[in-house]
Amino acid sequence: MEGIERLIPCLIIDSNYRIVAANQTAKNMFGEIIGKECYKVLYNLETPCYQHGIKCPVYGKESGFDIVDLEFESYLRGYGVIPWGGMFYESVVNITNINNIRSSFIDSLTQLYNRKFMLNFLEKTHNLWKRYKQPYTLLFMDLDNLKEINDNYGHTAGDEALIKVALCIWTHTRSSDTAARWGGDEFLIVLPNTSIEYGEKVALRIIKCMSDIQFFIKLSVSIGASQPSDNDKSYSEVLARVDKALYQAKQSGKSKVAVLETNGLSYLINIKEESA
């Protein structure tokens with residue numbers, strides 16, 4: 001599955017079996033784990049893994065991949081020695097309950113990432129912007145007239161319309177772009193290393209994709225776009241700006257892109273203008 005590396009908790013362990021570093025996924029899953037013994041955190045054991053017949057990079061200085069079976073659960077893991085003095089790594093996924101792990105990051109209806117994942121990803125993306133000035137563009141969109149679809153054709157039709165939005169997002173974004181169902185009929189896309197001009201083109205392609213879909217009624221989305229500025233203290237300020245842009249797009253008659261620039265100026269684009 002694309003992005004599986006984001007779902008795997010990874011730990012760095014010292015020669016005393018204590019966790020000295022962890023990726024964000026591990027912190028999300030296990031909580032405050034720095035300084036705790038790895039065998040307790042990962043497998044709920046009271047003594048080191050090698051005493052239970054499990055290969056241990058700390059004890060045996062071994063590297064490899066295997067499956068560990070403990071108490072009716074199976075774990076797929078990688079482990080090994082890091083070329084730093086006395087340091088080791090271990091990554092593990094509970095493959096017995098992989099759907100539970102996946103559901104904490106993925107929206108079950110659209111198969112896009114969910115809001116929880118996107119909040120964490122946005123923070124990392126904005127930190128890269130603040131530190132290295134790596135630009136990014138945000139697209140914030142919602143499905144027009146979802147309530148009308150639900151009221152007239154039922155919630156199953158409404159769900160199908162939301163899936164259509166996700167499909168248009170999948171087919172008109174790059175593998176480096178990250179999209180999430182923000183909630184209800186709203187979607188958020190992060191376009192890394194992307195100018196606002198390219199972001200506009202992506203937004204217009206998604207609008208065109210939606211307009212070409214055969215459905216009970218004409219489907220459309222409204223999209224707001226913006227980028228970070230040097231004055232933004234956090235990603236929440238970029239979010240607020242792109243939310244205002246989306247509101248302008250909807251107020252203008254829907255099926256349009258509204259861009260709110262960092263200087264406060266805004267402008268509208270629609271698919272007809274692009275194709276003219």
Side-chain angles (χ1 to χ4, degrees), residues 1-14 17-44 57-58 65 68 73 75-84 87-108 110-140 173-183 186-194 228 232-239 242:
M1 182 182 66
E2 185 175 348
I4 187 66
E5 70 278 359
R6 298 193 184 104
L7 307 183
I8 299 177
C10 297
L11 312 175
I12 297 178
I13 304 157
D14 67 16
Y17 303 99
R18 294 191 182 276
I19 298 167
V20 296
N23 69 351
Q24 190 60 49
T25 302
K27 293 176 182 177
N28 289 343
M29 291 178 63
F30 300 119
E32 296 296 327
I33 55 177
I34 304 302
K36 295 183 179 180
E37 290 85 357
C38 55
Y39 51 85
K40 291 182 178 179
V41 171
L42 293 177
Y43 306 113
N44 198 30
V58 181
F65 292 88
V68 176
E73 293 190 337
Y75 301 81
L76 175 66
R77 68 169 188 157
Y79 56 93
V81 180
I82 295 176
W84 309 331
M87 303 297 283
F88 311 88
Y89 75 88
E90 185 160 3
S91 59
V92 62
V93 169
N94 185 327
I95 57 178
T96 306
N97 299 310
I98 188 67
N99 287 334
N100 292 338
I101 297 172
R102 190 174 185 276
S103 66
S104 67
F105 295 92
I106 303 296
D107 175 64
S108 60
T110 63
Q111 300 303 300
L112 298 175
Y113 287 111
N114 61 20
R115 183 173 183 147
K116 176 183 175 182
F117 176 90
M118 182 57 91
L119 283 169
N120 180 54
F121 183 78
L122 263 178
E123 183 175 20
K124 291 180 179 178
T125 302
H126 194 78
N127 287 341
L128 287 173
W129 153 254
K130 297 294 286 186
R131 187 174 303 173
Y132 303 113
K133 287 296 178 283
Q134 292 186 9
Y136 68 93
T137 294
L138 281 190
L139 301 180
F140 194 28
T173 54
R174 306 161 299 187
S175 60
S176 59
D177 302 328
T178 300
R181 184 183 179 193
W182 192 247
E186 295 178 332
F187 299 82
L188 189 68
I189 307 174
V190 179
L191 308 171
N193 297 312
T194 299
D232 294 328
K233 295 179 180 178
S234 73
Y235 67 84
S236 61
E237 294 178 63
V238 193
L239 266 178
V242 81

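Taking the side chain to side chain contact (heavy atoms under 4.5 Å, CB included) definition, one finds that E237 meets it with D232, K233, sequence neighbours left out. For Y235, the ring-ring contact (aromatic ring centres under 6.0 Å, His included) test picks out no residue, with sequence neighbours left out.
Residues L122 and L239 form a side-chain contact, since some pair of their non-hydrogen atoms from C-beta on lies under 4.5 Å apart. In this structure, the side chains of F105 and T25 come closer than 4.5 Å at one or more pairs of heavy atoms. For the pair V190/L139, no side-chain contact is recorded, criterion being any heavy-atom separation below 4.5 Å from C-beta on. Residues W182 and I189 have side chains not in contact (no heavy-atom distance under 4.5 Å, counting atoms from C-beta outward). Residues E186 and F140 form a side-chain contact, since some pair of their non-hydrogen atoms from C-beta on lies under 4.5 Å apart. In this structure, R181 and N114 have side chains that are not in contact, with every pair of non-hydrogen atoms separated by 4.5 Å or more. Inter-residue side-chain proximity for I106 and F117 is flagged as unmet; no heavy-atom pair is nearer than 4.5 Å. Under the 4.5 Å side-chain criterion, counting only non-hydrogen atoms from C-beta, R174 is in contact with P192.
Judged purely by atom type and a 3.5 angstrom limit, D177 has no side-chain atom pairing as donor or acceptor with the backbone of T173. N23 places a side-chain N or O within 3.5 Å of a backbone atom of C10 that can act as its donor or acceptor partner. A donor-acceptor pair under 3.5 Å is formed between the side chain of T137 and the backbone N or O of T194. Within the 3.5 Å criterion, the main-chain N or O of G35 finds a donor-acceptor partner in the side chain of R18.
Closest of all the heavy-atom pairs between W129 and P135 is CE3-CA, 4.1 Å. Counting all heavy atoms, side chain and backbone alike, V41 lies closest to I33 at CG1-CG2, 3.9 Å. Y89 approaches P57 most closely through the heavy-atom pair O-CG, 4.0 Å.
Within the model, atoms CD1 of I12 and CE of M87 stand 6.0 Å from one another, a figure rounded to the nearest 0.5 Å. N127 CG to Q134 CD: the interatomic distance, rounded to the nearest 0.5 Å, is 11.5 Å. Taking OH from Y39 and CG from N44, the interatomic distance works out to 12.0 Å, rounded to the nearest 0.5 Å. Atom CG of residue L191 and atom OG1 of residue T125 lie 10.5 Å apart, to the nearest 0.5 angstrom. To the nearest 0.5 angstrom, F187 atom CZ is 13.5 Å from R115 atom CZ. How far NE2 of H126 is from OG of S236: 8.0 Å, rounded to the nearest 0.5 Å.
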Pair Y43, Y75 - check ring pair (Phe, Tyr, Trp, His ring centres under 6.0 Å), show working.
CA-CA 9 Å; Y43 306 113; Y75 301 81; 5.2 Å; yes
Please report the C-alpha distance between Y113 and F121 in whole Å, then the side-chain angles of each, then the deciding distance to 0.1 Å, and finally whether the side chain to side chain contact (heavy atoms under 4.5 Å, CB included) criterion is met.
CA-CA 10 Å; Y113 287 111; F121 183 78; over 6 Å; no
Would F88 and Y79 satisfy side chain to side chain contact (heavy atoms under 4.5 Å, CB included), going step by step from the backbone distance to the final call?
CA-CA 8 Å; F88 311 88; Y79 56 93; over 6 Å; no
Stepwise side chain to side chain contact (heavy atoms under 4.5 Å, CB included) test for K124 and N120
CA-CA 7 Å; K124 291 180 179 178; N120 180 54; 3.8 Å; yes
Could you go through L11 and L42, starting from their C-alpha distance and side-chain angles, then the distance that decides it, and tell me whether this counts as side chain to side chain contact (heavy atoms under 4.5 Å, CB included)?
CA-CA 10 Å; L11 312 175; L42 293 177; 3.7 Å; yes
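E90 and R77 are joined by a salt bridge, as a carboxylate oxygen and a charged side-chain nitrogen come within less than 4.0 angstrom of each other.
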